[in-house]
Number of protein chains: 2
Amino acid sequence: MVTAGKRDETGAARAGPSDTGPAYSGTASRILDVAEALVQTRGFNGFSYADVAAEMKITKAALHYHFAGKAELGEALITRYAARFAAALTAVDCAGAQPAAKLDAYASLYLDVLRNQRMCLCGMLAAEYQTLPEAMRVAVLRFFDANETWLEEVLEHGRAAGTLRFEGTARDTARTIIGSLEGAMLVARPYGDLDRFKAVARNILGTLAPAPMVAAGTDSA
Amino acid sequence: MVTAGKRDETGAARAGPSDTGPAYSGTASRILDVAEALVQTRGFNGFSYADVAAEMKITKAALHYHFAGKAELGEALITRYAARFAAALTAVDCAGAQPAAKLDAYASLYLDVLRNQRMCLCGMLAAEYQTLPEAMRVAVLRFFDANETWLEEVLEHGRAAGTLRFEGTARDTARTIIGSLEGAMLVARPYGDLDRFKAVARNILGTLAPAPMVAAGTDSA
DNA sequence: GTCTATAACGAGATAGAC
DNA sequence: GTCTATCTCGTTATAGAC
């Protein structure tokens, strides 16, 4: 599936105690880092092997050794990104905070991406969806599904505990959160304005809980 | 709204009594139609002159006669799209409905785009922003600015009349609406699921007014 | 694991005929 | 206003040396 030619020659890159996904060699891992940054800023159709090779100071041919083609590289990018995101959500769960605080933490993940002047990888790929190879399409949808599932559970727990209030289903509310935060990133990034994102996140999450959300410096609520 | 069908080359394409923007020749207008559809579905970096020429059954060279380069074509696309969108908003204003109904109409404009399995032109370009020529960048931001200004006024009027309720500034709320609807389109399109968009729109607009919104056939909420 | 070299193709763009 | 023909460049990808 991922076409990492060989395994690590040294230690490989591991995340932690729970092993998620394939481990890439140091070079393959760095290729993914560079490609990821390029896709998140320029889009999958807006970068080339030449771009990655130039930034890494290796040749295009070397890239093909690690990832047979752009499609395989793209697939690996999503898989790694999704695994990292899932790990971040698990970390939030393990912190054992209240549902409302979990939603704040969720929004903070988006904010961190935007801080690096990047778009969410899968949000970017969602825009280019029609041009993507099938394997990438499937992976993109799975990413959103995973987000939805996690949010749904947080929302249900919050509603059961009485700390979150919302109309309609938890699923629709989860989809609203995902869509709104993705869109907030999409629009805020061209303006280079973090506050634009924060204002939307505050508005969205603010309707779910009485307490102020997301790095709320001004406590007008 | 958004993207009319085909016009004959003798009549040129006019919107109505109030003339907005430059009038294109029949051919130029059809080029814009085809290119618009391609950008909205595949992105600016996901289509080529060859694609347009093929669909129109003319040659690439003919395209260059009407639009010197891809940058100029892109600029013309945004300008026309923004003018059409502005005209649609003016039409909503002239209908003289209540603020809440205007917001519904606004969301319907997005829904119509999604119905054609397209992304908002400027939402798509926002994703590709970093790769766009300067003139296109400016035009994209102006589109969002115009949306924001219009929504801001609707929101202010609604709040003054007591038919809309929201916390914070009208500007931040306007930005929330834009971001949320753009993001809802972005995510709903890959799933090919209109309901996904509707659910988000209902949730977002529902927090602003007591009445159900957006083509709410079932008022069970 | 990385290189040189190159194939094979498509991109945006131009010149000049009709 | 559209054509044929061509140019130049960048793209993905492969073969084979080191």
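Letters A, B, ... mirror the listed sequences (proteins, then strands); counts begin at 1.
- Against DNA chain D, the stretch residues 49-59 of chain B makes heavy-atom approaches under 4.0 Å through B/Lys57, B/Ile58, B/Thr59.
- Residues B/Arg30 and B/Glu36 are not paired through a salt bridge, judged by the lack of any N-O separation under 4.0 Å between the basic side chain and the carboxylate.
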Mind running salt bridge (charged side-chain N to carboxylate O under 4.0 Å, His left out) on A/Glu152 and A/Arg175 for me, showing each step along the way? CA-CA 9 Å; A/Glu152 229 178 313; A/Arg175 290 179 178 178; over 6 Å; no
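- Using a 4.0 Å heavy-atom distance criterion, A/Phe47 is classed as a sugar-phosphate-only contact.
- In this structure, A/Tyr106 and A/Phe85 have perpendicular ring planes: the angle between them is above 60°, well past the 30° mark.
- Between A/Asn45 atom CG and C/dG10 atom P there is a gap of 16 Å when expressed in whole angstrom units.
- None of B/Leu32, B/Ile31, B/Asp33, B/Leu38 except one satisfies the side-chain contact (heavy atoms from CB on, under 4.5 Å) rule with B/Leu77; the exception is B/Leu32.
- In the displayed structure, A/Glu153 atom CD is contacted under 6.0 Å by at most 12 heavy atoms of other residues, nucleotides or ligands.
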Salt bridge (charged side-chain N to carboxylate O under 4.0 Å, His left out) assessment of A/Glu128 paired with B/Arg42: CA-CA 6 Å; A/Glu128 300 176 294; B/Arg42 303 179 51 87; over 6 Å; no
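- Atom NE2 of B/His64 is separated from atom P of C/dT14 by 7 Å (rounded to the nearest Å).
- Between B/Lys102 atom NZ and B/Trp150 atom CH2 the span is 6.5 Å, to the nearest 0.5 Å.
- Extent of DNA chain D lying under 4.0 Å from chain A heavy atoms, first and last nucleotide in 5' to 3' order, is D/dT11 to D/dA15.
- Regarding B/Glu72, its CD atom lies at a distance of 7 Å from the P atom of C/dA13, rounded to whole Å.
- Using a 4.0 Å cut-off between a side-chain N of Lys or Arg and a carboxylate O of Asp or Glu, B/Glu156 and B/Arg171 do not qualify as a salt bridge.
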